[in-house]
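Keep in mind that what you see is a predicted model, and the values were worked out from it rather than measured.
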Amino acid sequence: MPTTMDFERMLRRASLRVTRPRMAVLSAVHQHPHADTESIIGQVRADLGGVSQQAVYDVLRALTTAGLLRRIEPTGPVARYEARIADNHHHIVCRSCGAVEDIDCAVDTMPCLTPSNAAGFTIDEAEVVYRGVCPSCAAAN
């Protein structure tokens with residue numbers, strides 16, 4: 001887990017001001033990978049008190065745009081955020097409880113998959129979502 005100083009350095013390297021909400025959002029996402037927006041808002045409010053929902057949305061957008069966080073949607077329309085941004089990894093999602101875990105790329109180069117037809121696009125990332133049942137849900141059934 002990065003330290004407060006690490007978060008400050010990340011923000012400064014991305015040419016972003018160091019603010020308490022930005023620090024709190026970075027901390028929340030690092031502590032809870034794949035957290036949804038509502039969970040992040042709850043964590044930030046627990047840390048800082050009265051922070052508006054819109055402020056957290058704005059911070060998430062700024063951190064994502066700056067490349068400090070990645071927005072993913074492995075379970076449908078609900079956005080989730082992660083701090084693992086340095087590689088092109090994939091995700092596995094439990095069909096029962098919705099748990100999300102990282103899956104390393106199957107091939108060492110990006111993108112991991114080569115489409116049969118790129119339609120003229122220059123591809124720099126591929127996203128794969130595997131679905132199944134996690135060990136906890138499998139044991140419960």
_Is the shortest side-chain heavy-atom distance between Cys134 and Cys97 below 4.5 Å?_
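Contact flag for Cys134/Cys97 side chains = yes.
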Item to check | Student check: side-chain heavy atoms of His91 and Ile72 closer than 4.5 Å | outcome: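 They are in side-chain contact.
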Checklist line | With sequence neighbours excluded, residues passing salt bridge (Lys or Arg N to Asp or Glu O under 4.0 Å) with Asp102 | finding: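 Only Arg84 meet the salt bridge (Lys or Arg N to Asp or Glu O under 4.0 Å) criterion with Asp102.
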For Arg80 versus Gly98, what's the shortest heavy-atom pair and its separation?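 Residues Arg80 and Gly98, closest heavy atoms: NH2-O, 3.7 Å.
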ask   = What's the shortest heavy-atom distance between Arg45 and Ser52, and which atoms?
value =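 That closest heavy-atom pairing would be NH2-C, 3.8 Å.
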side-chain hydrogen bond (donor to acceptor under 3.5 Å, both in side chains) pairs, two or more places apart, involving residues 5-27:
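Every side-chain hydrogen bond (donor to acceptor under 3.5 Å, both in side chains) pair that includes a residue of residues 5-27, provided the two are not neighbours, is Thr3-Asp6, Asp6-Arg9, Ser27-Gln31.
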ask   = Apart from Leu11 itself, which Ile, Leu, Val, Met, Phe, Trp or Tyr residues share its cluster (side-chain heavy atoms under 4.5 Å, direct or through members)?
value =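 In the cluster with Leu11 are Met1, Phe7, Met10, Leu16, Val18, Met23, Val25, Leu26, Val29, Ile40, Ile41, Val44, Leu48, Val51, Val56, Tyr57, Val59, Leu60, Leu63, Leu68, Leu69, Tyr81.
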| query | To which residues is Val129 joined in a hydrophobic cluster, defined by side-chain heavy-atom contacts under 4.5 Å among Ile, Leu, Val, Met, Phe, Trp and Tyr, whether direct or through other members? | reply |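 Cluster partners of Val129: Val93, Val100.
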**Message:** Any salt bridge linking Glu73 with Arg71? Criterion: basic side-chain nitrogen under 4.0 Å from a carboxylate oxygen.
**Reply:**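 The answer is yes: the pair qualifies as a salt bridge.
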Going by ring pair (Phe, Tyr, Trp, His ring centres under 6.0 Å), name the residues that satisfy it together with His32, two or more places apart in sequence or in a different chain.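 Once residues adjacent in sequence are excluded, His32 has no partner under the ring pair (Phe, Tyr, Trp, His ring centres under 6.0 Å) criterion.
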### Query
Between His89 and Asp104, is there a donor-acceptor pair closer than 3.5 Å when you use the side chain of the first and the backbone of the second?
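Judged by distance alone, no pair lies under 3.5 Å.
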### Message
Determine whether a donor-acceptor pair (N or O, by modelled atom type, separation under 3.5 Å) exists between the side chain of Arg70 and the backbone of Glu82.
### Response
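Side chain of Arg70 to backbone of Glu82, a donor-acceptor pair under 3.5 Å: no, none is there.
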Query raised in the report: When you check the side-chain N and O atoms of His34 and Glu101, is any donor under 3.5 Å from an acceptor?
Result: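 Side-chain D/A pair, His34 to Glu101: absent.
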Taking side-chain hydrogen bond (donor to acceptor under 3.5 Å, both in side chains) as the test, write out the residues that go with Asp58, two or more places apart.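 Counting only residues at least two positions away or on another chain, Asp58 forms a side-chain hydrogen bond (donor to acceptor under 3.5 Å, both in side chains) with Gln54, Arg61.
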